[in-house]
Amino acid sequence: MPKDGIGASVKRKEDYRFITGQGAYTDDIDRPGQTYAVFVRSPHAHARIASVDTGAAAAMPGVVKILTGADYAADGLGGLPCGWQVTGKDGPMVEPPHPPLAADRVRHVGDQVAVVIASSAAEARDAAEAVAVDYEALPAAASIEAALAAGAAQVHDEAPGNLCYDWEIGDKADVDAAFAGAHHVTRVELVNNRLVPNAMEPRAAVAEYDRATREYTLYTTSQNPHVIRLLMGAFVLQLPEHRLRVVAPDVGGGFGSKIFHYAEEAILTWAAGKVARPIKWTAERAESFVTDAHGRDHVTVAELALDADGRFLGLKVDTRANMGAYLSTFAPCVPTYLYATLLAGQYTTPKIWCGVQAVFTHTVPVDAYRGAGRPEATFVVERIVETAAHEMGIDPAELRRRNFVPSDAFPYQTPVALVYDSGDYEGTLAAALADADYNGFAARRAEAEARGKLRGIGLSAYIEACGIAPSAVVGSLGARAGLYECGEVRVHPTGSVTFFTGTHSHGQGHETTFAQIIADRLGVDIDAVEVVHGDTSKIPFGMGTYGSRSLAVGGSALARALDKVETKAKRIAAHLMEASEADIEFADGQFTVAGTDKSVGFGDVALTAYVPHNYPIEELEPGLDETAYYDPANFTFPAGCHVCEVEIDPDTGAVEIVNFAASDDFGNVINPMIVEGQVHGGIVQGVGQALLEGCVYDGEGQLATGSYMDYTMPRADDVPSFTVSTRTTPCPHNPLGAKGCGEAGAIAAPAAVMNAVHHALASRGVSRIDMPATPARVWQALNA
Amino acid sequence: MHDFTYHAAGSVADAAAKAAAGDDAVLMAGGMTLLPTLKQRLAQPSDVVDLSGVAELRGIKVEGGAVTVGAMTVHDAVANSSEVAAAIPALADVAGHIGDPQVRNRGTIGGSIANNDPAADYPAALVGLGATVCTDRREIAADDFFTGMFETALDEGEIVTSVRFPAPEAAAYVKFPNPASRYAIVGVFVARTAGGVRVAVTGAAGCVYRETAMEAALEGNFSAAALEGMTASADDLNEDIHASAEYRAHLVGVMARRAVAACG
């Protein structure tokens, strides 16, 4: 193995430009003649637009153009599309129109009503304040409960009772029968709190139109530029792919929020055609809070039936999920196919039923956020399992062991559609318990009690479905896209390599990880490899990065493309060495003829491919440039166990995480350092959800947590040093044996933290506390 | 940010003159509140008079058992002053826990107290220590300076020049921070001084105030035990998404006991 190959903790190649301030983010891009856009946004959660008067604003200095919802409607263009159709018990989901500029009604604070384009950002802002919108405020339904109440304000005329769909999985009667024979039933009520994504880089876009070629270019903060090109081109603006280039340059974090096609992208591109000058828009942070798709927001009641030995007999889960005011790109699949299908967890629960009602509210749309459905599922399963253990007086670790899918049972068909590929749940549990010194907890609790502190420990044995996704499977479930990936390995004449990937790195370190795979496989130096992503004019195609898919799916496409490169290179090498192709072996960058001392280097073969003087030209094309598309055979199933220990100050309610240990099975690991970083970041986001982050709307639909003064992002001093480790069972169905690691921390941590919090508070008679477990909430619960 | 005319003041007198000349001028100290307010277009002053170049407003002096901090002295300078640490360690501690390193290297004591944010830390230190606010026109006792939420006894155009803190026998400040902003949900400054015990509370109400019942309880028995079971009255305390008035009232007791204990 070369020193920078698979398994080496290579320092990230991309970090030099990032830490020296030389990254090129969307807002860093300036085009000749550029103008600036500012959006006029609704201050109301729900209102009728009586009129929009742009007269005074249009006369202000620097104003180039003002466009309204009426202008957009007049052009006869499309609304923002939804990429996934969920079919419920009563038929397909309600899919109301989503105009990129509201023309007659606004449905959440931040809904865009008009765009002002001016020569400078300051002029655009001044003019935007002068656009006079006459709103007739209407009653709002700003929560799931409010939207489902009798007589609630209606978000869309098309969706009576504000219901998008009422969906279920499993046979309820069958599950009820399992409950009838139960020795014990545990019931929990859970709120999966709404989160604001808060990528470090706010969303931004630069759009331009070339009158000579009639081509549009959109630079945008996206995790998947090809998907944006498809959605915006085909469904919204009716532009064919060859006249629309979408570039997602350096992107400063996404966490799901930059998957979706947003109105601003379409409006800027449309407007760029009208003004024939480039237009830039960069969200202010306050704007991000009210326009980036939010995450989570479920209310759930779950029941678990157990026999006298603690074996799980059945699970019933009833969930209401907030969709927000409009259907964001992938919103409908999050609380259904990315959620209910994971409710078996790591267990052999034989009967599972889950019903999900998706509800429209007068709030920002809700969509995938790091983990997307799987954190919500893990929270349900791991909270109820831990609660059942305490109720039945069985050690929580032991109760899990009694119900684990055994290591020799893979592939394992769950009752909720998925087939788990591989895993060792006993192994990750044992490792995490050892790292957490689980057996020493009682002594630590006694010591804490002596100091007046309440101490608790909690487990979370999570599973996730990643490597998203087999196209035929998701297609049968309503996805309007395939979810394969594409990679092109272009070997240059001197043996250096450019890899073009359809995945997108916005913090994940692809430029390093993919380069390691190539260096390992071709025996070239890692510095002789460049990874290119994020530009539809350079990459053949791509579905982007989310769902922990880049390595499992994008890396598999790379592996397949490398297979093709190797196959062709061997044929060239066989010709050069006058040997049979079957006798050629390739290792460490050298082609050799088996049983001889003949060899030729990879670089010589590459040169020969491009300078084919001595070449099998009758049989083989020149060049060494191979593309592969990879459509996965199954999801991958990263799993593991996280253990959290907390100490609570009963005088203030403050929760301190005093220890956190994680053992994860991500399949084969390319760069352990990057994986560790992903786990750390994920855990911190999970801790954020559990203890700190709570998005609050008031009854009128105003966002009460619209800035960092009120929305608590995790800080370094909110978390301890983590103990993380990996235990590998390779994925059996992809060429790298990789499962993915990007979301695990955010999926596992909330349940681990909240189990620990409940454990600590149980001695004081507290049985329920919702996330985020803020000091005020904990104190309230202790003093109720 | 709306347009305004920027002025760099060279002296206190120059700043006063420039502020008086503007239609709707504001003085800028560190700008830690003013600048975000301007950037969010929540204020539209005609003129901004920047005090950062006024040398006479900067610096720390310790003499005669009192610490005098110039109005434009940044928090970091107070936090890291060995003279302050020797004379009134609790004052250095307060300054060292305001905001974050960026704020502590820009924000000033004069700006903080003139703004009088109800959750700011410095007002508790001034009231707790019985400090005196010196302006270009007069001296004002801290007890009289903070008059309400974002309101002070300063007259139109009056400029804070320094704050004089008498050294206490013992003092400590303990705050329970808002998890998001890290401003004080409740901060309590306790001091045992020659003139008696002072308990100043910030964050809990619309303005810093003294817990006189706690002061009385501590007068005869300066120990955390003397405050056992005591809370503030929740009647006039703040209530928001982060903390109920009842919780704040309880925290006043907890923080006061911890502050007394920290006095050693």
Side-chain angles (χ1 to χ4, degrees), chain A residues 38 61 120-123 125-126 128-130 193 196 198 284-287 289 452 649-656 687-688 690-699 702-718 772-784, chain B residues 1-4 32-33 36-42 44 97 99-101 103 117-120 174-188 203-204 224 227-231 234 237-258 261:
Chain A
V38 167
S120 73
E123 288 167 327
R125 188 160 309 283
D126 286 340
E129 285 181 2
N193 44 323
V196 183
N198 283 305
E284 298 197 342
R285 185 58 67 179
E287 202 173 8
F289 268 94
D649 178 351
D651 288 339
T652 62
V655 178
E656 182 190 1
V687 168
L691 299 182
L692 304 166
E693 298 182 52
C695 175
V696 178
Y697 277 95
D698 70 14
Q702 293 292 328
L703 183 61
T705 50
S707 81
Y708 296 133
M709 292 298 281
D710 292 304
Y711 188 88
T712 312
M713 291 297 286
R715 291 167 164 88
D717 64 355
D718 290 315
T774 60
R777 265 193 187 160
V778 171
W779 182 81
Q780 195 66 44
L782 283 168
N783 292 280
Chain B
M1 196 178 286
H2 295 290
D3 285 349
F4 56 81
M32 295 295 87
T33 299
T37 307
L38 292 176
K39 286 171 78 175
Q40 291 176 71
R41 300 184 155 222
L42 297 174
Q44 196 168 0
H97 288 90
D100 52 32
V103 167
D117 188 301
V174 179
K175 75 169 156 180
F176 193 78
N178 178 318
S181 69
R182 303 249 170 132
Y183 273 85
I185 280 184
V186 167
V188 179
L227 301 178
E228 200 52 52
M230 291 186 79
T231 65
L237 298 193
N238 299 334
E239 179 131 348
D240 54 36
I241 60 169
H242 302 288
S244 64
E246 186 194 13
Y247 180 50
R248 281 191 164 90
H250 164 79
L251 285 176
V252 170
V254 176
M255 296 302 120
R257 284 189 288 279
R258 290 182 183 180

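Just so we're on the same page: letters track the sequence lines, and every chain starts at 1. From a predicted model like this one, the values you see are computed outputs, not experimental measurements.
There is no contact between B/Arg248 and chain A, counting heavy-atom distances below 4.5 Å. Heavy atoms closer than 4.5 Å to chain A are found in the side chain of B/Arg41, but not in its backbone. Proximity to chain A (any heavy atom under 4.5 Å) is shown, for B/Glu246, by both the backbone and the side chain. With a 4.5 angstrom heavy-atom cutoff, B/Phe176 touches chain A only via side-chain atoms. Using a 4.5 Å cut-off between heavy atoms, A/Asn783 makes no contact with chain B at all.
In terms of non-hydrogen atom pairs under 4.5 Å with chain B, the most contact-rich of A/Glu129, A/Met713, A/Glu693 is A/Glu129. Among B/Arg182, B/Met255, B/His242, the residue making the largest number of heavy-atom pairs under 4.5 Å with chain A is B/Arg182. Of all the listed residues (A/Leu692, A/Val696, A/Asp698, A/Thr712), the one sharing the greatest number of non-hydrogen pairs under 4.5 Å with chain B is A/Thr712.
Side-chain atoms of B/Pro179 and B/Ile185, non-hydrogen and from C-beta on, do get closer than 4.5 Å to each other. Between B/Thr33 and B/Asp117, the closest side-chain pair of non-hydrogen atoms is not below 4.5 Å. Using a 4.5 Å heavy-atom cutoff, the side chains of A/Tyr708 and A/Asn198 are in contact.
In this structure, CG on A/Leu703 lies 9.0 Å from CG on A/Asp710, to the nearest 0.5 angstrom.
Between B/Arg258 and A/Asp651 there is a salt bridge, since at least one side-chain N of the basic residue sits less than 4.0 Å from a carboxylate O of the acidic one. A salt bridge does not link A/Arg715 with B/Asp100: none of the charged nitrogens is closer than 4.0 Å to a carboxylate oxygen.
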Trace of the side chain to side chain contact (heavy atoms under 4.5 Å, CB included) decision for A/Asp718 with A/Leu691: CA-CA 9 Å; A/Asp718 290 315; A/Leu691 299 182; over 6 Å; no
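Near-neighbour residues of residues 773-782 of chain A relative to chain B, defined by a heavy atom under 4.5 Å from a heavy atom of that chain, comprise A/Pro775, A/Ala776, A/Trp779, A/Gln780.
Paired with B/Arg257 under the rule side chain to side chain contact (heavy atoms under 4.5 Å, CB included), one option of B/Leu227, B/Val188, B/Val174 passes, and it is B/Leu227.
Taking both residues in full, the closest heavy atoms of A/Phe289 and A/Val196 are given as CD2-CG1, 3.7 Å, listed atom of the first, atom of the second, then distance.
B/Lys175 places no side-chain N or O within 3.5 Å of a backbone atom of B/Gly203 that could act as its donor or acceptor partner.
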